[in-house]
Protein chains: 2
Amino acid sequence: MAIPRAARTQRRTRIQEEKEEIILEAALDVFSVSGFRGSTIDQIAEVAGMSKPNLLYYFRTKEAMHRALIDRVLFTWLEPLRAFDANGNPESEIRSYIRRKLEMARDFPRESRLFANEMLQGAPHVEDELRGPLKSLVDEKAEVIRAWAKAGKIAKCDPYHLIFSIWSTTQHYADFDVQVRAVLGQEHSGEGRFEDAARYLEKLFVDGLGIRQP
Amino acid sequence: MAIPRAARTQRRTRIQEEKEEIILEAALDVFSVSGFRGSTIDQIAEVAGMSKPNLLYYFRTKEAMHRALIDRVLFTWLEPLRAFDANGNPESEIRSYIRRKLEMARDFPRESRLFANEMLQGAPHVEDELRGPLKSLVDEKAEVIRAWAKAGKIAKCDPYHLIFSIWSTTQHYADFDVQVRAVLGQEHSGEGRFEDAARYLEKLFVDGLGIRQP
DNA sequence: TGTAATGTTTACCAATCGGTCAAATTATCT
DNA sequence: AGATAATTTGACCGATTGGTAAACATTACA
């Protein structure tokens, strides 16, 4: 008789690793568009190319699938902020943070939308992570920014709202992609819009924060 | 025999106006959190305090309810952009546009989330409105901004991405409200965060766009 | 006040939902 | 090869889904 994965103590099989990967990939497709409530196991099964009971062999509930997905995404999603370096100089740090976030919006839009969906629904599955690890990380980086302002390297500003504004402006190109394309029109809907956005946003923040160029 | 509303030609009854109002209010509650697919007529009926068939007497399908809601929201949601005046001076126009958008995020967060939900799902119900009326309005305002830049009143910048950045930074406080609260912590989660955001964003954009203060 | 139109509800439908079960199939290891 | 464990599937379950039919109640108006 088959023992459900979660109850097993042994190491994971090759098949397990492969199938779980396929499932999470499919789940990302579905959850990122329709949110948790709006998605169905059948949809995910179809995208994954396997039967519904087979999915449920690897993840015992829809929630477990969503949970595993969120955990994975949340970690990589914070990578750019973690890379934000206190020892670098403000201008290059902010420029590269914006670039990295924009690259993620371009290369991992589904991850961004999954997260956005969760936020819109009031973060029922990740509120703890927000108040815990996320807040800690942001607090730490906010302190760096505050120190820069104190040293006169950048203009005085609320570091939290600064971070929010970088998050929102960059993620916008993933979450509101349809709108961006529709407004820009077909002619400007190529991937070039990310370069345009990077140019505009870097200038906005560098000048907006009063960062003196050497 | 009762004739479904949509097929009727006569004027709307007092009861019709009242009940449709109640239904759309309840629908906004539900749709804005769970999106179209994730919401159920039963949920809306419960919030509205009436029976499911009674809802379906006023709106023949779930889609019709969503449609009516989107139409209404889309109009009022674009009000601040419509108010954006070519004859005003750049600084005060941009300042007040930011303020108005922030006020909407504060006072009508459900409307913002309804719209965000629709975007995340790829705008299956409103893509035409995006490509039509929305694009036209943005095109018109982008021309105004371009003229300001040409006249040297503001720095040269891509007017479309400028509009995107104002949209995203302000709507963020409605759509990602949970995250904002979690990161700011209880002490800064009062309504004061909207004032802080306004102060920060106005400075960011005024300085970032190189607008000379007289 | 009567009556026709409007509004509301109960009971119900077929389809889909998340999830279970046992049987069948495949992989692994000796 | 044979035994054992891991994987996959079809059939199925009760609950929920969007929506309907028709009886019933209320309102508006002559």
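For Ser51(B), the listed nucleotide lying nearest its side chain is dT9(C); candidates were dG19(C), dG7(C), dT9(C). Counting only heavy atoms from C-beta on, Tyr57(A) has its side chain closest to dT7(D) among dT7(D), dT17(D), dG19(C). Set against dG19(C), dT7(D), dC17(C), the side chain of Asp42(A) has dC17(C) as its closest nucleotide. Taking every side-chain heavy atom of Lys19(A) into account, dT8(D) is the closest of dT8(D), dT6(C), dT17(D).
Salt bridge status for Glu25(A) with Arg110(A): present, with a side-chain N to carboxylate O gap under 4.0 Å. Using a 4.0 Å cut-off between a side-chain N of Lys or Arg and a carboxylate O of Asp or Glu, Arg199(B) and Asp196(B) qualify as a salt bridge.
Projected onto DNA chain C by closest heavy-atom contact, Ile15(A) and Lys62(A) fall at different nucleotides, the more 5' of which corresponds to Lys62(A). Nearer to the 5' terminus of DNA chain D, by closest-nucleotide assignment, is the contact made by Pro53(A) (compared with the other of Arg37(A) and Pro53(A)).
Nucleotide dC13(D) holds its P atom 18 Å from the CG atom of Leu56(A), rounded to whole Å. Taking atom CD on Gln16(B) and atom P on dA5(C), their separation rounds to 15 Å, with Å as the unit.
From Glu46(B), atom CD reaches atom CD1 of Ile41(B) across 14.0 Å, with rounding to the nearest 0.5 Å.
Using cut-offs of 30° and 60° for the angle between ring planes, the His161(B) and Phe164(B) rings count as perpendicular.
The side chain of Asn54(A) places no N or O atom within less than 4.0 Å of a non-bridging phosphate oxygen (OP1 or OP2) of dT7(D).
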